[in-house]
Structure formats: C-alpha cells, structure tokens
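Everything below concerns the one structure shown next.
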Number of protein chains: 2
Amino acid sequence: MPRIAGVDPLRQKDILVLVVDDEPDLRDLVEFNLRQAGYRTRTAAGGAAALAEVARERPDVLILDLNLPDVSGIEICRSLRAAPATHDLPILMLTARGGEVDRVVGFEVGADDYVTKPFSVRELVLRVDALRRRLSRAAGAPSVAHQKLRAGRIELDVEDFVASVDGQPVQLTLLEFRLLKFLVEARGRVRSREALLVEVWGYSTEVETRTIDTHVKRLRDKLGDAGDAIETVRGVGYRLRS
Amino acid sequence: MPRIAGVDPLRQKDILVLVVDDEPDLRDLVEFNLRQAGYRTRTAAGGAAALAEVARERPDVLILDLNLPDVSGIEICRSLRAAPATHDLPILMLTARGGEVDRVVGFEVGADDYVTKPFSVRELVLRVDALRRRLSRAAGAPSVAHQKLRAGRIELDVEDFVASVDGQPVQLTLLEFRLLKFLVEARGRVRSREALLVEVWGYSTEVETRTIDTHVKRLRDKLGDAGDAIETVRGVGYRLRS
DNA sequence: CGAATCGGTGACAACCCGGTAACAACGCGA
DNA sequence: TCGCGTTGTTACCGGGTTGTCACCGATTCG
C-alpha cells in the first residue's frame, strides 16, 4: 500500500527484465529505474534483437513496446506465445496514448498487462512487481488464476476483460468494461463525470458529458438487475454500491 | 448546449498544490486554474523557495518545472525523494517541448507524471486530479474510512455526499447537503443568511434571502427529530447546536 | 395591548438533471 | 464493398430540485 521508496526487500536480485523499445532514452529510463528497484535488466531496440535476447537468456518479465520499427510488438508477442519455452512469459505491453485499439490487440495476443505512454515509471515498476508476484504465486499451476476485482455480485477479470454477474459472464464492450472497472475500483465512492471522462475516456477527450449517461445506461442494461448497483448521485456523478 | 462548467463537487478544498516555475505568467495561469478547480495553491519561483515552501507546509501535490534558474528541478526532486517526510510526495513535472532527455531525466528522479510545455491547462488540472485519485487509492484499503464531519447525532461523509443521523443515512439533495455541511463545519457558531448565501449558494447568486428559510425547513424535516439541532437565532441567522 | 418585524410553513411553478430512445458516425471484419 | 457492432450525439420526457410567494403564527417593542 505505501509507495515504494527504497528497494523492496522482497525483490530478488536475480529477476531478469528485458526491455524492448526503439527509443534509447526510454530504454535507459526504464532500465535505470528497474535497476534502482533491484532488478537485473537487458535491453533490445527492436523485435529481432528481442527474440535473440530471449533466446540467449529467458527473462522473467518482458517489457515490450507495441510499436517497433522492424517486427511489430504483436508479432513478437505471438511468436513468444507460440513457442513452448516462452508461452507463459509474462509480458507487459507499452502502448501509445489513446491507442485504444492497441490495447485490445495487445491483450488479444496475450499480453499480461499494459501501460499506456506516457506513463509513470514508478507505476511501471510497480506493475512489474505485481506481475512477478502474481506469477510466482501461480507458479507451477497450469492456468494462471487472474486477479479479480469484485463488488457485490459483479466480478471483473481485468486480465481477460471478462465481466460477470453471479458468475455468469456478461458481454461488455471495451468502453463499458473500462467504465465498470473504474467504478468497481472506486466502489462505494462517488465519481464525477469529469473523473470518468479522464479515467475512462482520456485526458484530451472532447466527449460531451451526456455521453457518459448513455454508456451508464447501456452498462446498467447489460448488467441486468445487478445494474441497480450503479447509483446516480444527482448533481455529482455515479457510484457503485458496495 | 454545453453544461455549465461548474466546479467539480468532488474536489476538496483542502488539497494543497505547490506550483514551482520561474515564469510568473505561467505560475499565475496554473495557479488561477487550480484555484478555479477548487484547490488551494502555493507558488515558488525557484528551487530554493520550493524546498522552503515544502518545509513550511507539505503540499499534497507538487507541480515542478524541470528548468529552474537556481537549483534544477531534478535536484529538487531528488532531495524530496531522499527525505522520508516527502519521499512519497506526488510530483508532476513540467518539461520543455521536445525535451526527450528532460523527460527521461524527470522520470529517473521519480516524477509521478509529466506534462510537456506547451500544455493544456485543463489537462494539467485533470492530471492533478488523477494523481490525487491514484494516490488515495494506493494509500490504503479500498474502503478507507473517509473523512467524516460530525456534530451530535449528525454525521457527514463529505467525500461521498452521504449524511446520516444516528448512523441511519438520510437522503439529501446536493444543496441541502452543502447547507448542512456548512452548518456542521461552523457547529456552535451562528451563521448569517449572508454567509450562507455566499458559501452554499455561491458568490454571484441572486437568490432571495427567504429562500434560505425554506431550505432550512426542508433540511430540518429530513433530519427528523435531529433537525432540532438547527437553531434559529432571530435577527441573525442559523446555528447548529453541538 | 397592538403593530411591526421576523421566521415557519405549505403551495406552486420553473427549471435543471438524468433516463431513455433514436439516429449518425465510425471502424473493422467478412 | 457491405454489414455489423461500437461509440458519440441529439432530442425529448418525466421527475426531482429549487426559488418564490402568500399566509400565518411568534416575538419584540413601543
């Protein structure tokens, strides 16, 4: 819960993170911070180099930029998932801002997590930590039990973009899922339309505020009677009853 | 038909943002907008002044220009991160456009977010919001005990706009809530109608003073027998008995 | 005691806000 | 290219919220 200031004593020195990005600055930046946090690091500028590097020494976590000059990050992802030796390699995807589609694609090919640029490096490191923890916990188990967000009858598998009510999966669009996720994360607390706009739609969006209402309605409808959990706080915003 | 761009009611007044930049114009601009958004602000022109200001009163968020005349923003960042009292202070870095390196350096010393000049002030404010949210989310368990205002049997959850009497929630409108909040904050002290108009209705309102009486009545009604706590001071105003 | 002042109270109308449905625009896969 | 799902926009509606007023009782003060 507290921010990590010093080196987390739980971190082990022998965890190897491979950073793949074509921007040298960004590579350095990420590398520096990961080292600071106690990780071993390797870097690669492109997709080909990345694959070579993985072959040389299998990293424990792979940080992969989606937009690479030679082979796309998606391709890398796919081939890694295809190979038995690396099919369960934890991959953290870096995507350009607003790349909605990128995110989806990223998950489709099996990234374990994603961070959109520009990102907070601290957040990135924390996510690597989380990825590692999640993984070591599930080590040995054939199917990784994803972390679930829960609020009452609603359950979200953030990794898989699956939402369910009473265990029954509900088909949501990406936007609806993100909206619900934000509400679940803030469960019990009111979120203003402004906040929703920022967190779900993005900073520089020019969406009309009423658009939110529409999507809230769609979300409520799809959630069935569990949709009642989304409360309207008149003049303020929305809240998910906990 | 744009909505009235009112102040986000979720923002709290007591959040302090320190703006550090050597350009007075920029400082003013940012400060103005943050205030408009409901934040308290301080400013500092240089690094030394910034550190002094932080020492004087720890801000909740620090907006820091990377290029400062005296001490570089990087140095500031570093020393703040080094000190236990401020190591987890959320820092939002301002960097010159195209300053790829600057951005990198900024992150290396542990900024939580960055915005490149020239930037949209709206976005800056939104990012401050987001930073705060992220922070409060990471600060503890999901259902942290919110800040509560209390006066006798009446209790207000300021963040969530929930009022309760003897633990029983009472359904209030936004206006009623603000009115009650103002009275609770001033508990024991008389507040004139004039003051109520200013604080609850806003500065530029043209509401008739008798309107207040009506709302006080509605409030009393909704509070049930606890409504008696709102005393009328004839010829002066209202007061909440403590 | 009686008038003036003040606040309580109920009614009412205007308005604001969110729900809702229909439609348009867009992107993507077949 | 077409069709379809997703997303954004708009218009309308209904109800909650709010401002105003009239009336009345209470208090104050001459």
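Chain identifiers are assigned alphabetically (A, B, ...) following the order of the sequence lines, protein sequences preceding nucleic acid strands; residue numbering begins at 1 within each chain.
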Nearest whole Å is fine: how far is D:dT6 C1' from A:L179 CG?
14 Å

Look at A:K217 and C:dA21 and indicate whether a side-chain polar atom (N or O) is within less than 4.0 Å of OP1 or OP2.
yes

For atom CG of A:L197 and atom P of D:dT7, their distance in whole Å:
15 Å

Counting only side-chain nitrogens and oxygens, does B:Y238 get under 4.0 Å of the OP1 or OP2 atom of C:dG8?
yes

Could you pull out the closest heavy-atom pair between B:I154 and B:A226, with the gap in Å?
CD1-O, 4.2 Å

Verify the contact: side-chain N or O of A:H215 to OP1 or OP2 of D:dT7, cut-off strictly under 4.0 Å; return yes or no.
no

In this structure, how many angstroms lie between the C1' atom of D:dT6 and the CG atom of A:D221, rounded?
15 Å

Nucleotide D:dT7, atom P - distance to CG of A:L175 in whole Å
5 Å

Can you say whether a donor on the side chain of B:R218 sits under 3.5 Å from an acceptor on the base of C:dG10, or the other way round?
no

Does some side-chain heavy atom of B:L92 sit less than 4.5 Å from a side-chain heavy atom of B:L124?
yes

Rounded off to whole Å, could you give me the CD-to-P distance for the A:E231 and C:dG19 pair?
12 Å

Pairs touching residues 170-192 of chain B that satisfy ring-ring contact (aromatic ring centres under 6.0 Å, His included), sequence neighbours left out
B:F161-B:F177

Using every non-hydrogen atom in the two residues, find where A:V170 and A:K222 come nearest and quote the distance to one decimal.
CG1-O, 3.4 Å

Within a strict 4.5 Å, meaning less than it, do heavy atoms of the B:Y238 and B:T232 side chains meet?
yes

Atom-to-atom span, CG of B:D213 to P of C:dC6 - whole angstrom:
12 Å

Between A:W201 and D:dT7, is there a contact of a side-chain N or O with OP1 or OP2 at under 4.0 Å?
no

Without decimals, in angstroms, what is the distance between A:L219 CG and C:dG19 P?
12 Å

Assign A:T211 to base, sugar-phosphate, or nothing according to its heavy-atom contacts below 4.0 angstrom with the strands shown.
base

Under 4.0 Å from OP1 or OP2 of C:dG8: is there any side-chain N or O of B:R210 that close?
no

Any side-chain N or O of A:T173 less than 4.0 Å from the OP1 or OP2 oxygen of D:dT7?
yes

Gap between atoms CG and P, on B:L174 and C:dG18 respectively (whole Å)
10 Å

